[in-house]
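Remarks on the structure that follows.
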Number of protein chains: 2
Amino acid sequence: MNAHLPAGEDARFAAALDRLLLLTAMLNDDMHRGLAADGLTPSRTSLLWTLRRLGPSPQKDIAAAMKVSARTVTGLVDGLVATGFVTREEHPSDRRAFLVSFTALGTAAVDKLEAEQRDFSRRLFAHMPASRLDGLVAGLDDVLATLYALGLRSPF
Amino acid sequence: MNAHLPAGEDARFAAALDRLLLLTAMLNDDMHRGLAADGLTPSRTSLLWTLRRLGPSPQKDIAAAMKVSARTVTGLVDGLVATGFVTREEHPSDRRAFLVSFTALGTAAVDKLEAEQRDFSRRLFAHMPASRLDGLVAGLDDVLATLYALGLRSPF
DNA sequence: TATTGTTATACTCTATAACTATA
DNA sequence: TATAGTTATAGAGTATAACAATA
């Protein structure tokens, strides 16, 4: 127990964290369900987002950006090649490496995900009074800054 | 993104969703890392939380509460028995079934997780002005209500 | 000698289907 | 016949280590 905090404070903090964790779980669940409809898995989708950010890249760079092992990227790219979202192209100057590149299908899939995310943000926020949205964003920024100060880093 | 330019509505919504998704990813990552230190995995921990809520239960009830298959619960309980967090006890009236029950180690593990969560909520929120915490909670509640209206349900 | 990506192997999580023991 | 849980099997994601081809 922490004697120098008023009794009700802890309950307020716990209630706030409960909401954050509940929201985290619900958003995760929803995203994963939506992905399956496009023939994608969460990890393969994460690779597509990374690839869009990096442009055509050797697997080593993708592994570094995603913070996973080279072996994991081999498996994810195998799956994405099999389902037609990316290709392994020759690297122009290093014959050990590939350039993982989007197919038209892969580009269309990421475009669609992006559009869905924009629509989703409208459904979540468009009806909110501006002051409530401002309050939410201020609170989230505060939490993100605290997490950063605690040493947590974005996985992206 | 350029913070000096007046943002349109869509950009405001997208920025808010970006923060939510970033926070989701960071909280997930942090929780999973913390678990490994206790010899637990995310799914096994989820089972322990469920078991605390239900009390000693047959695996079928655990599967229903966790929304996973009976086979998955068999595997999770196997792992938790092997690492000493739970036991399979005889069911008093149904010899087909077990009552999955906490060991002292399992109870201590969940107690510890609960204490860590309380400490974490203090680190996140104790420094915040009350008005900011209120604004955050109001925004989160609004989002949760919207998700509920969209048909999303808590995984718990 | 160092690096890129693969094969070999292993563990977790998830699932469906077939099966055993019991209800 | 129906139910509780297991075995059998499979696929995704993750990892380390050994190895190939190339730098």
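Just so it is clear, the structure is predicted and the values come from calculations on it, not from any experiment. Note on naming: letters A, B, ... go to the chains in the order of the sequence lines (proteins, then strands), and numbering restarts at 1 for each one.
- When atom types are taken as modelled, the side chain of Arg12(B) and the backbone of Gly8(B) share no donor-acceptor pair closer than 3.5 angstrom.
- Taken from OG in Ser46(B) to CD1 in Ile62(B), the straight-line distance is 10.5 Å, to the nearest 0.5 Å.
- Leu133(A) approaches Ala16(B) most closely through the heavy-atom pair CD1-CB, 3.8 Å.
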At under 4.0 Å between heavy atoms, which parts of nucleotides 13-23 of chain C does protein reach? Answer with one letter per nucleotide, 5' to 3': B base, S sugar-phosphate only, - none. SBBB----BBS

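- With contacts defined as side-chain heavy-atom distances shorter than 4.5 Å, the pair Val86(B)/Leu48(B) qualifies.
- Judged by distance alone, with hydrogens and angles left aside, the side-chain atoms of Thr103(A) form a donor-acceptor pair with the main-chain N or O of Phe85(A) at under 3.5 Å.
- Note: CG (Asp61(B)) to P (dT3(D)) measures 14 Å, nearest angstrom.
- Taking both residues in full, the closest heavy atoms of Leu54(A) and Ala65(A) are given as CD1-CB, 4.0 Å, listed atom of the first, atom of the second, then distance.
- Residue pairs meeting the side-chain hydrogen bond (donor to acceptor under 3.5 Å, both in side chains) criterion with at least one member in residues 51-61 of chain B, sequence neighbours excluded, are Arg52(B)-Asp111(B), Arg52(B)-Glu114(B), Gln59(B)-Arg88(B).
- In the hydrophobic clustering of this structure, Leu152(A) groups with Leu136(B); members are Ile, Leu, Val, Met, Phe, Trp, Tyr whose side-chain heavy atoms approach within less than 4.5 Å, directly or through other members.
- For DNA chain D, no neighbouring residue in residues 21-33 of chain B is found when judged by any heavy atom under 4.0 Å.
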Quick one: side chains of residues 26-45 of chain A, donor-acceptor pairs under 3.5 Å with protein atoms, not counting sequence neighbours, listed by atom name and distance.
{"from": "Asp38(A)", "atom 1": "OD1", "to": "Lys112(A)", "atom 2": "NZ", "distance (Å)": "2.5"}
{"from": "Thr41(A)", "atom 1": "OG1", "to": "Arg44(A)", "atom 2": "N", "distance (Å)": "3.3"}
{"from": "Thr45(A)", "atom 1": "OG1", "to": "Thr41(A)", "atom 2": "O", "distance (Å)": "2.7"}

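- Remark: Arg153(A) qualifies as a cation-pi partner of Tyr148(A) under the 6.0 Å distance and 45° angle criteria applied to the six-membered ring.
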Give me, pair by pair, the N or O atoms of the protein and of nucleotides 18-20 of chain D that are less than 3.5 Å apart, along with how far apart they are.
none

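- At a threshold of 4.5 Å between side-chain heavy atoms, the hydrophobic network of Ile, Leu, Val, Met, Phe, Trp and Tyr places Val68(A) and Val77(A) in one connected group.
- The nearest whole Å value for the distance from the CG atom in Leu47(A) to the P atom in dA12(D) is 15 Å.
- Between the side chain of Thr107(B) and the backbone N or O of Leu105(B), no donor-acceptor pair lies under 3.5 Å.
- Taking 4.0 angstrom as the limit, Thr74(B) places a side-chain polar atom (N or O) nearer than this to OP1 or OP2 of dT6(D).
- Linking Ile, Leu, Val, Met, Phe, Trp and Tyr residues whenever their side-chain heavy atoms come within less than 4.5 Å leaves Leu99(A) and Phe102(A) in two separate clusters.
- Across residues 79-92 of chain A, Arg88(A) each have a non-hydrogen atom less than 4.0 Å from an atom of DNA chain C (numbered order).
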